[in-house]
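Working notes, beginning with the structure itself.
Hydrogens, waters and symmetry mates play no part in the numbers below; they use all other heavy atoms, side chains included.
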Amino acid sequence: MAGPRALLALLLVVAAAALCGRSTATPAGCAEPADSGSTLRVLHAFGPCSPFHSPSPSASWEDTVLDLLSRDDSRFLYLASLATAHRSFVPIASGRQLLQTPTYIVRARLGSPPQPLLLAVDTSSDVAWLPCSGCSGCPTSSAAPLFDTSRSTTYRPVPCGAQPCSQVPNPTCPAGATACGFNLTYGSSSLLVGLSQDSLSLATDVAPGYTFGCIQKAAGPSAPPHGLLGLGRGPLSFVSQTKNLYGSTFSYCLPSFKSFNFSGTLRLGPAGQPKTIKTTPLRSSPHRSSLYFVDLVGIRVGRKVLDIPPPAIAFDASTGAGTIFDSGTMFTRLVAPAYAAVRDEFRRRVRSAGNVTSLGGFDTCYAGPITPPAITFMFAGMNVTLPADNYLIHSTAGSLTCLAMAPAPDNMNSVLNVVASMQQMNHRVYFDVANGRLGVARELCTV
């Protein structure tokens, strides 16, 4: 089985023309459109235009896919730990070695004067964090330099006893301490983070006094080279801290992981969102309060609505069971009965393609091209029919085709269905938190 590096290959990284006055060589054929208003552009992390792209000629397609799938396992461990009028367009792009493998990242600026950053966009996390100057054990990257707190005139630590200190996970304020800290787990690494505030900018907008975490110490092999922007629903998320600016509304279009261009966007605020889009109600669970739950009422393969036991897909606020949209998981995971129903009907409809083989966690693969049936996720008030590119992966030579979904892991997330980033690609996914709804509309943002 391949190691865990490749899952983030399907990540998007925000591209911009410059990084803090530092010029970086742009590979031939890589377009770099500027940010526009509050929209940021999006690119795939392992694509040739990504600042984190480091091609490995020896890595096979199979190794890459297995790597990606293995990183989803780490993502699910993170999800388990959660069991507890203005317009802005922001480019998004793909990155790797991010906390809990968030799939897409945006370009941001922090401090006064502003310092450029790359932050992973994570719809299932709240508080933002990033490596800061003086960090012990933090890796360095020319594409994502550490945030230098000494260069910012508006930076300040959050004192113990301040309200944000009670809103972070695992807060620490030992006797004699003046600044609040908290602890995070990143893959197999542990992070000591100091709670801080400074001016955060996305595209042309500025959020003064934004509360985030400065990584002060990292221990372990998977410490991140850059940070994370939480788009979850908690009090310290970007959505909550900028509600006066953006009205708790955002959307994104994630381009294909094969994209070589900065073509995806994160739109902030109600302006510029789709005028007509079907939506489904958002649900909330006190056990997983950051997550965007929706009511999945059925799944259709071809024209057949599958016979899935209702408890397998039903939302249950008391247990945290149900279905979420998540930008940080690569491949959709379904609880065992739901996945078995999808897999078995899919196999039945492509029976003429020959024998079924497997590839790591993917158990429905075929040697050669197939004619797949359509797959439709049926939500309350909204159906989403996926194009084949959203649920099939192919080898570079076209010799192997796999159903790009898998069963949920056998842990506390065995009750959680996750609509993941591959299944969201080339769709506008609209989060209207203020009005409690989520919408999905087809939008080709891959160039």
Side-chain angles (χ1 to χ4, degrees), residues 79 82 103 121-124 231-234 237 239 246-254 266-270 272-301 305-306 308-329 331-335 337-339 341-342 374-387 390-391 405 408 413 415-443 445:
L79 295 177
L82 298 179
T103 306
V121 171
D122 188 350
T123 57
S124 295
L231 287 177
R233 305 169 76 176
S237 74
V239 176
Y246 299 125
S248 299
T249 303
F250 70 95
S251 72
Y252 54 64
C253 183
L254 307 179
L266 169 67
R267 294 178 182 171
L268 302 170
Q273 303 297 352
K275 298 298 183 183
T276 58
I277 186 171
K278 290 185 177 181
T279 63
T280 188
L282 283 170
R283 306 296 295 271
S284 299
S285 168
H287 292 278
R288 303 173 191 253
S289 58
S290 298
L291 305 184
Y292 290 98
F293 281 95
V294 293
D295 284 316
L296 178 65
V297 297
I299 302 175
R300 190 169 63 221
V301 176
V305 177
L306 303 179
I308 300 173
I313 56 176
F315 171 72
D316 188 337
S318 64
T319 64
T323 301
I324 67 168
F325 274 71
D326 179 41
S327 65
T329 304
F331 303 107
T332 286
R333 301 292 189 104
L334 300 173
V335 299
Y339 176 73
V342 172
I375 295 179
T376 301
F377 287 97
M378 305 166 68
F379 303 99
M382 176 183 76
N383 288 348
V384 178
T385 299
L386 299 175
N390 287 93
Y391 60 89
M405 299 182 189
N413 282 310
V415 298
L416 192 63
N417 300 289
V418 179
V419 181
S421 61
M422 181 176 180
Q423 283 64 47
Q424 298 178 46
M425 293 185 315
N426 285 316
H427 289 80
R428 175 64 54 182
V429 184
Y430 172 52
F431 297 79
D432 183 0
V433 183
N435 295 301
R437 57 182 185 154
L438 181 149
V440 179
R442 182 73 171 150
E443 179 179 324
C445 55

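Residue pairs that meet the salt bridge (Lys or Arg N to Asp or Glu O under 4.0 Å) test with at least one member in residues 276-285, sequence neighbours left out, are R283-D295.
Checked against side chain to side chain donor-acceptor pair (under 3.5 Å), T276 has no partners two or more places apart in sequence or in another chain. Remark: S284 pairs with R233 by the side chain to side chain contact (heavy atoms under 4.5 Å, CB included) rule, at least two apart or across chains. Evaluation of the side chain to side chain contact (heavy atoms under 4.5 Å, CB included) rule for A441 yields I277 as partners, not counting sequence neighbours. By the ring pair (Phe, Tyr, Trp, His ring centres under 6.0 Å) test, Y430 is found to be paired with no residue, residues two or more places apart in sequence or in another chain being considered. Partners of F377 according to the ring pair (Phe, Tyr, Trp, His ring centres under 6.0 Å) rule, which considers only residues two or more places apart in sequence or in another chain, do not exist here. Taking F379 as the reference, F325 meet the ring pair (Phe, Tyr, Trp, His ring centres under 6.0 Å) condition, with sequence neighbours excluded. For S237, the side chain to side chain donor-acceptor pair (under 3.5 Å) partners at least two apart in sequence or on another chain are S240. Remark: Y339 engages D363 in a side chain to side chain donor-acceptor pair (under 3.5 Å) (not counting sequence neighbours). Listed by chain and number, the residues in a side chain to side chain contact (heavy atoms under 4.5 Å, CB included) with A317 are P286, F315 (sequence neighbours excluded). For P281, the side chain to side chain contact (heavy atoms under 4.5 Å, CB included) partners are A380, not counting sequence neighbours. For R437, the salt bridge (Lys or Arg N to Asp or Glu O under 4.0 Å) test picks out D432, with sequence neighbours left out.
By the 4.5 Å heavy-atom criterion applied to side chains, M425 and P387 are not counted as neighbours. Between N435 and L282 the shortest side-chain heavy-atom distance does not fall below 4.5 Å.
Of the possible donor and acceptor atoms, one in the side chain of N390 sits under 3.5 Å from a partner among the backbone N and O of M422.
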